[in-house]
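Report on the structure given below.
Chain letters run A, B, ... following the sequence lines, proteins first and then strands; every chain starts at 1.
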Amino acid sequence: MTIVTRFPPSPTGFMHIGTARTGLFNWLYAKHNKGKMRFRIEDTDRARHSEAAVEAIINGLKWLEIDWDGDIISQYACGARHTEIAHELVKRGEAYYCYCTPDELEKMRESAKAEGRIASYDRRWRDSKNTPPAGIKPVIRIKAPLSGEQLVNDKVQGEVRVNAEQLDDFIILRSDGVPTYMLAVVVDDHDMGVTHVIRGDDHFNNTFRQNVIYQAMGWDIPVYAHLPLILGPDGAKLSKRHGATGVEEYRNLGYLPEAMRNYLLRLCWSHGDDEIISTEQAIEWFDFDGIGKSPARFDFDKLNFINSHYMKLADNNRLVDLSLDILNRVGHSYSPSTKKYLFAAMDELKTRAKTIAGLVDDSRIYWMTGAITMDEKAAALLDVAGIAIVKKLGVALKNLSNFDNANIELACKAIGESEGVKLGKVMMPLRAALTGTTSSPSLFHAIEILGKDEVLRRIEQSI
RNA sequence: GCACCCAUCGUCUAGCCCGGCCUAGGACACUGCCUUUUCACGGCGGCGACUGGGGUUCGAAUCCCCAUGGGUGUACCA
């Protein structure tokens with residue numbers, strides 16, 4: 001049997017980090033089992049639906065380098081089939097028309113709450129022989145079992161039971177004829193041949209309801225795996241106030257997709273003590289056994305660490321391109337020399353930064369033009385003595401014929417010796433003069449990269 | 001409220017199912033030292049947890065019960 005998983009996001013305008021995680025796990029499980037992952041957009045809520053939102057999710061998946069099998073299915077487009085099933089269920093005696101008004105329902109909800117019952121609808125139309133009231137468009141409700149225990153055997157959560165009293169005859173077709181999510185999911189999953197439903201734990205309670213539909217239709221119930229939720233750093237539901245919740249934001253911040261995948265995977269899944277896990281290993285190792293049961297908090301520090309790891313491994317050309325993307329986005333019109341500097345300094349830059357955005361920040365010392373803005377510490381280094389040293393360095397560098405790393409180092413050390421001071425006393429003022437800061441990558445190398453003209457220009461500027 | 005789920009360092013987790021190998025392992029963060037022209041990187045150390053209480057057992061992080069805490073669900077949303 002071919003294993004078929006599915007990725008069914010609802011288009012809410014962006015791709016939530018939790019959605020991405022679910023997608024990743026479905027994808028890994030499918031890949032691990034040489035199965036397929038289908039992609040379906042849960043777009044039945046027309047009020048909230050927009051093409052841009054669909055686009056955002058597709059782009060998010062593509063960025064994460066997660067692919068899917070077959071066409072993207074629109075749940076909305078399958079509406080006729082859902083409706084057909086709803087009527088079929090009525091015909092089979094598994095569902096019925098209900099003519100309750102919203103007011104009546106509200107009253108039932110209140111009394112149910114007062115009595116501590118979870119199922120609020122009192123099933124008054126379930127087997128009613130009453131003549132339907134005129135002028136009211138009915139909904140279709142499914143007949144949930146009246147007694148007994150419902151069991152869900154979940155690959156992550158184990159066997160979970162619930163009493164039938166907890167289930168009510170929920171609506172499968174609205175009064176306006178539009179199918180509900182509960183019906184649509186089941187019909188689509190069945191029609192798409194989905195064998196494994198891997199989704200967030202927030203859907204767990206729905207599983208009991210969905211099983212009612214499967215059973216009423218006599219369809220095979222899929223294998224379920226409910227993943228623990230991702231919470232914010234404070235343990236509360238991950239929301240906007242925690243910072244970035246959308247995949248797009250991480251992309252813009254300069255995280256690498258492979259880092260994102262690795263981080264998301266390790267959140268609530270483990271394989272012994274392994275932390276850095278390549279996609280190939282992830283596919284090879286991924287299994288339900290490794291999934292934890294408790295919710296995990298999102299930790300930016302760890303993400304940063306993993307990202308910096310993958311940045312060190314990343315190809316320089318790619319990193320340069322990503323850097324230029326960020327420069328473009330912030331409206332910095334880069335020159336060919338910017339690109340040249342990035343290339344030359346990339347080996348060093350990528351070992352320092354945690355994100356591409358951070359890398360771009362660090363790279364400023366190479367491509368900045370015009371007046372040098374000094375930070376406080378840098379300015380303090382350029383006192384009388386500091387300026388004197390920098391002047392001497394300027395002369396020495398000007399006279400240097402082989403303007404490379406090694407010779408620059410020799411020249412600087414020579415100045416230090418002739419002045420009788422440690423190298424730090426020489427380099428720090430120079431660093432201040434050249435970069436306007438007190439921390440930067442290796443100056444010898446930076447000087448070589450900048451070239452004699454630019455170095456002398458900056459020295460001139462600063463003193 | 002009711003239902004369901006969860007519970008090991010600050011965080012992610014290993015160990016738990018199949019009790020002894022656990023004076024509880026790894027990673028991030030924090031921190032000390034080393035390296036060093038600065039900041040990073042890197043290397044070597046340190047700090048730091050079985051939520052509480054009852055059982056069961058010769059023995060419990062591991063099994064059972066209760067409490068507490070956290071999460072989710074409870075729509076003609078998905």
Side-chain angles (χ1 to χ4, degrees), chain A residues 8-12 42-45 47-48 75 98 100 102 105 109 112-120 137-141 152 154 156-158 160-163 165-168 170-176 178-182 184-185 200-208 226 228-229 231 233 235-237 263 266-276 289-290 292-306 308 312 348-354 362 377-378 381 409 412-413 416 422-428 430-432 435 437-444:
Chain A
S10 51
T12 53
E42 311 254 292
D43 52 357
T44 53
D45 186 351
R48 279 200 272 169
Q75 184 158 71
C98 164
C100 288
L105 258 16
R109 240 192 305 278
K113 206 163 190 176
E115 292 164 39
R117 283 181 292 115
I118 189 170
S120 62
K137 284 193 172 166
V139 299
I140 293 181
R141 287 180 183 272
V152 169
D154 191 89
V156 176
Q157 309 293 340
V160 181
R161 284 157 224 279
V162 99
N163 279 321
E165 292 84 72
Q166 303 300 323
L167 269 31
D168 63 1
F170 58 91
I171 295 170
I172 56 174
L173 195 74
R174 298 184 179 89
S175 53
D176 60 2
V178 177
T180 62
Y181 163 77
M182 217 58 81
V185 170
D201 202 23
D202 49 339
H203 284 284
F204 201 102
N205 290 283
N206 290 156
T207 309
F208 294 101
H226 286 90
L229 264 21
L231 308 176
K237 189 173 178 151
Y263 177 70
R266 274 295 286 107
L267 214 52
C268 79
W269 180 84
S270 61
H271 182 265
D273 285 337
D274 295 310
E275 296 286 349
I276 299 297
D289 289 346
K293 297 175 92 172
S294 46
R297 301 180 187 203
F298 197 89
D299 181 22
F300 289 92
D301 285 329
K302 187 131 185 188
L303 208 213
N304 283 337
F305 166 77
I306 291 185
S308 65
K312 285 174 199 131
E348 211 160 349
L349 285 171
K350 72 179 180 183
T351 64
R352 307 168 59 84
K354 301 214 176 301
D362 291 347
K377 286 180 189 165
L381 281 169
E409 179 169 353
C412 291
K413 284 186 170 162
K422 286 190 170 179
L423 193 54
K425 285 283 178 198
V426 177
M427 299 312 288
M428 284 313 283
L430 183 59
R431 170 168 283 112
T435 70
T437 69
T438 52
S439 83
S440 79
S442 164
L443 267 195
F444 304 135

Mutual orientation of the aromatic rings belonging to A/His271 and A/Trp269 [parallel < 30°, tilted 30-60°, perpendicular > 60°]: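 Because their plane-to-plane angle is under 30°, the rings of A/His271 and A/Trp269 count as parallel.
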Aromatic plane relationship, A/His226 with A/Phe204 - under 30° parallel, 30 to 60° tilted, over 60° perpendicular: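 A/Phe204 and A/His226: tilted rings.
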N/O to N/O distances under 3.5 Å, protein versus nucleotides 62-73 of chain B:
residue	atom	partner	partner atom	Å
B/rG73	O4'	A/Asn205	ND2	3.4

Give me the atom names and distance for the closest heavy-atom approach of [X] to [Y].
X	Y	answer
A/Leu105	A/Cys100	CD1-CB, 3.7 Å
A/Ala353	A/Asp362	CB-OD2, 4.1 Å
A/Pro228	A/Cys268	CG-CB, 3.7 Å

Given the [atom1] atoms of [N] and [M], what is the spacing between them in whole Å?
N	M	atom1	answer
B/rU74	B/rG55	P	41 Å
B/rU13	B/rU72	C1'	22 Å
B/rC17	B/rC6	P	16 Å
B/rG46	B/rC65	P	40 Å
B/rU38	B/rC33	P	15 Å
B/rG43	B/rA67	P	49 Å
B/rA3	B/rA61	P	32 Å
B/rU62	B/rG1	C1'	35 Å

Any residue meeting salt bridge (Lys or Arg N to Asp or Glu O under 4.0 Å) with A/Lys302, in chain and number order, not counting sequence neighbours: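 Per chain and number, A/Lys302 pairs via salt bridge (Lys or Arg N to Asp or Glu O under 4.0 Å) with A/Glu275.
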Side-chain donor/acceptor contact of A/Ser442 with base of B/rU37 under 3.5 Å: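 Answer yes: a donor N or O sits under 3.5 Å from an acceptor.
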Donor-acceptor pair (no angle test) under 3.5 Å: A/Ser175 side chain, B/rC76 base: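 A donor-acceptor contact between them is present.
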For [X], answer base if it contacts any base atom (sugar-phosphate contacts may also be present), sugar-phosphate if it contacts only those atoms, and nothing otherwise; contact means non-hydrogen atoms under 4.0 Å.
X	answer
A/Cys100	base
A/Leu105	base
A/Ser270	sugar-phosphate
A/Phe444	base
A/Pro228	nothing
A/Val139	base

Roughly how many Å is it from [atom1] in [X] to [atom2] in [N], rounded to a whole number?
X	N	atom1	atom2	answer
A/Ile172	B/rA78	CD1	P	14 Å
A/Arg161	B/rA3	CZ	P	17 Å
A/Asp362	B/rA40	CG	C1'	8 Å
A/Phe170	B/rA75	CZ	C1'	13 Å
A/Ile171	B/rA78	CD1	C1'	15 Å
A/Met427	B/rU37	CE	P	9 Å
A/Asp168	B/rC2	CG	P	18 Å
A/Glu165	B/rC2	CD	C1'	13 Å

Ignoring the backbone of [X], work out which of [options] is nearest its side chain.
X	options	value
A/Lys312	B/rG42, B/rU37, B/rC76	B/rG42
A/Thr351	B/rA78, B/rC6, B/rC41	B/rC41
A/Gln166	B/rU13, B/rC5, B/rA3	B/rA3
A/Cys268	B/rU13, B/rA75, B/rA3	B/rU13

Whichever of A/Ser439 and A/Gln157 has its nearest RNA chain B nucleotide further upstream toward 5':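 Nearer the 5' end of the strand: A/Gln157.
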Upstream residue (5' side of RNA chain B) when A/Val162 and A/Thr44 are each assigned their closest nucleotide: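 Per heavy-atom nearest nucleotide, the more 5' residue is A/Val162.
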Distance test, side-chain N/O of A/Lys293 to OP1/OP2 of B/rC5, below 4.0 Å: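 The answer is no; no side-chain N or O of A/Lys293 sits under 4.0 Å from OP1 or OP2.
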Phosphate OP1/OP2 of B/rU38: any A/Thr438 side-chain N/O under 4.0 Å: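 Result: no.
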Strand partner of [N], provided both Watson-Crick or wobble distances fall under 3.5 Å:
N	answer
B/rC76	none
B/rG46	B/rC30
B/rU36	none
B/rU56	none
B/rC17	none
B/rA7	B/rU68

Main-chain N/O of A/Val178 paired to A/Asp176 side chain as donor or acceptor, under 3.5 Å: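 The answer is yes, because a donor-acceptor pair under 3.5 Å joins these two groups.
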Check against side-chain contact (heavy atoms from CB on, under 4.5 Å), A/Arg431 and A/Leu381: CA-CA 9 Å; A/Arg431 170 168 283 112; A/Leu381 281 169; over 6 Å; no
A/Gln166 side chain reached by A/Phe208 side chain, heavy atoms, under 4.5 Å: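 A side-chain contact is absent here, since even the closest heavy-atom pair is not under 4.5 Å.
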A/Val139 vs A/Ser175 side-chain heavy atoms within contact, under 4.5 Å: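 Side-chain contact under 4.5 Å: yes.
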Summary of protein contacts for nucleotides 24-36 of chain B, nucleotide by nucleotide, where a base hit scores B, a sugar-phosphate-only hit scores S (4.0 Å, heavy atoms): -BBBSS-------
side-chain contact (heavy atoms from CB on, under 4.5 Å) assessment of A/Val185 paired with A/Gln75: CA-CA 8 Å; A/Val185 170; A/Gln75 184 158 71; 4.3 Å; yes
A/Tyr263/A/Phe305 aromatic ring centres below 6.0 Å: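 No, the ring centres sit 6.0 Å or more apart.
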Side-chain H-bond candidate by donor/acceptor type, A/Thr437 with A/Thr435, under 3.5 Å: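 Checked: A/Thr437/A/Thr435 side chains pair up, N/O donor to acceptor below 3.5 Å.
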